[in-house]
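To start, the structure itself, in structure tokens.
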Amino acid sequence: MRANEFLSIYRADGLVKTVAAGIKAPEPSNLRIKGLSGSLDAILLAAAFKLHADDYLVILQDRDEASYFQNDLQNLLDREILLFPLSYKRPYEFEETENANILMRAEVLNHLANKKSPDIIITYPEALGEKVINKRSLASNTFGIAVKEKLNTAFLEEFLHNYDFEKTDFVYEAGQFAMRGGIIDVFSFANELPYRIELFGQEVDSIRSFEPGSQLSVGTHDAVNIIPNVQTRLIQEERQSLLELNPPQSPIWFNGFQ
């Protein structure tokens, strides 16, 4: 049985319909659900999302639970579920950041700043306690590139250098870029894979995501944003809580808290 067929059974369940109705209610309401075991919590949220797609912020108790919950939802919904982790390798130890965590945080900020469809964001208290730059600061420190638009490569290279991107022959991690004639590879801090930008003269002909190891394309884009390391280069920018950036009417799910 496919996940969509499986969820269709739960969408008809009375509890799921009650939760979905509470989410759609014009006035904010609090719902408390007890007795869920195993993956029933993820199934409930996935079925409610199918009935009422909205921006959901889900708060788990810690990083491990958040990762497991993210995996469950991705399998059930067959879509990208965003994880918003702590920047650092260990809570309350601020000496060493984790590059993968910074990338995931920047990806969440990029989604919130350029919304195209409802997102589900999974996080936990330590990650929420670490503030992020606000939308205005993020926008002013972002470089947008779109197909069919002209691109000044000298200006792009200057932007990347100013934001501490490293120029290399081949990109393999966030914060690197490479230029080979009319082809520019950039690994933004807001995407899991690097972008390959192909030019026709000064015009952007195509933008693709690709696997660094195989160099094979895995997706195309009409437009992308190049975002620097928001944890280092933009550390002095004004900051706020993710809760303030999250759409104000979006439901917040607390999972596992008494």
Quiz item: So if you build clusters from Ile, Leu, Val, Met, Phe, Trp, Tyr with side-chain heavy-atom gaps below 4.5 Å, do L77 and L40 land together?
Solution: yes
Return a table of donor-acceptor pairs under 3.5 angstrom between the side chains of residues 181-190 and protein atoms on other chains or two or more places apart.
from : atom 1 : to   : atom 2 : distance (Å)
D185 : OD1    : R196 : NE     : 2.8
D185 : OD2    : R180 : NH1    : 3.4
D185 : OD2    : R180 : NH2    : 2.9
D185 : OD2    : R196 : NH2    : 2.9
S188 : OG     : A190 : N      : 3.1
S188 : OG     : I227 : N      : 3.1

Exactly one candidate in V132, V58, L57 meets side chain to side chain contact (heavy atoms under 4.5 Å, CB included) with F84; the answer is V132
- Query: Is there a side-chain contact between M104 and N101 (heavy atoms, below 4.5 Å)?
  - Reply: yes
pair D72-Q70: side-chain heavy atoms closer than 4.5 Å: no
**Prompt:** Less than 4.5 Å apart, any side-chain heavy atom of P228 and any of F165?
**Reply:** yes
From the list I121, T123, I122, side chain to side chain contact (heavy atoms under 4.5 Å, CB included) partner of I59 resolves to T123
From the list L242, L138, D55, side chain to side chain contact (heavy atoms under 4.5 Å, CB included) with L112 holds only for L242
(request) Apply side chain to side chain contact (heavy atoms under 4.5 Å, CB included) to the pair N229 and D164, showing each step before the final yes or no. (result) CA-CA 8 Å; N229 186 337; D164 301 325; over 6 Å; no
- Query: Distance-only, no hydrogens or angles: does the N75 side chain make a donor-acceptor pair with backbone N or O of N71 under 3.5 Å?
  - Reply: yes
Heavy-atom count check: over 12 atoms from other residues, nucleotides or ligands less than 6.0 Å from E198 CD? yes
Item to complete: Would you mind reporting whether N225 and N114 have side-chain heavy atoms less than 4.5 Å apart?
Response: yes
Applied to residues 139-162, the salt bridge (Lys or Arg N to Asp or Glu O under 4.0 Å) test, sequence neighbours excluded, yields E157-K167
| said: When you group the ILVMFWY residues by side-chain heavy-atom contacts below 4.5 Å and let the links chain together, are L83 and L193 in the same group? | reply: no
How far apart are the C-alpha atoms of Q61 and Y124, what are their side-chain angles, what is the distance that settles it, and do they pass the side chain to side chain contact (heavy atoms under 4.5 Å, CB included) test?
-> CA-CA 6 Å; Q61 293 193 67; Y124 48 98; over 6 Å; no
Q) Would one find more than 12 heavy atoms of other residues, nucleotides or ligands at under 6.0 Å from atom CD of E244? A) yes
* Taking a hydrophobic cluster as the set of Ile, Leu, Val, Met, Phe, Trp and Tyr residues connected by side-chain heavy atoms closer than 4.5 Å, whether directly or through intermediates, do I133 and L82 fall within one such cluster? -> yes
Residues Q176 and T168: closest non-hydrogen pair is NE2-CG2, 4.0 Å
- Item | hydrophobic_cluster_shared for Y163 and L103, side chain cutoff 4.5 Å | no
Chi angles and distances behind the side chain to side chain contact (heavy atoms under 4.5 Å, CB included) call for K131, L245:
CA-CA 10 Å; K131 292 188 175 182; L245 286 177; over 6 Å; no
Tightest non-hydrogen contact, residues S209 and H221, listed as OG-NE2, 2.6 Å
Self-check item: Student check: side-chain heavy atoms of L86 and R63 closer than 4.5 Å
Solution: no
> Same cluster or not: are V171 and M179 linked, directly or through other Ile, Leu, Val, Met, Phe, Trp or Tyr residues, by side-chain heavy atoms under 4.5 angstrom apart?
Replying inline: no
Checklist entry - Going by heavy atoms in the side chains, are F69 and L45 under 4.5 Å from each other? => result yes
Hey, is CG on N152 packed in by over 12 heavy atoms from elsewhere, all under 6.0 Å? yes
Across all chains, not counting sequence neighbours, the ring pair (Phe, Tyr, Trp, His ring centres under 6.0 Å) partners of F49 are Y56
Parallel, tilted or perpendicular: which fits the ring planes of F155 and F143, with parallel below 30° and perpendicular above 60°?
tilted
Please check if any side-chain donor atom of S140 sits under 3.5 Å from a side-chain acceptor atom of R136, or the reverse.
no
**Message:** With side chain to side chain contact (heavy atoms under 4.5 Å, CB included) as the criterion, how do L199 and V204 come out once you've worked through the C-alpha distance, each side chain's angles and the decisive distance to 0.1 Å?
**Reply:** CA-CA 5 Å; L199 303 176; V204 178; 3.9 Å; yes
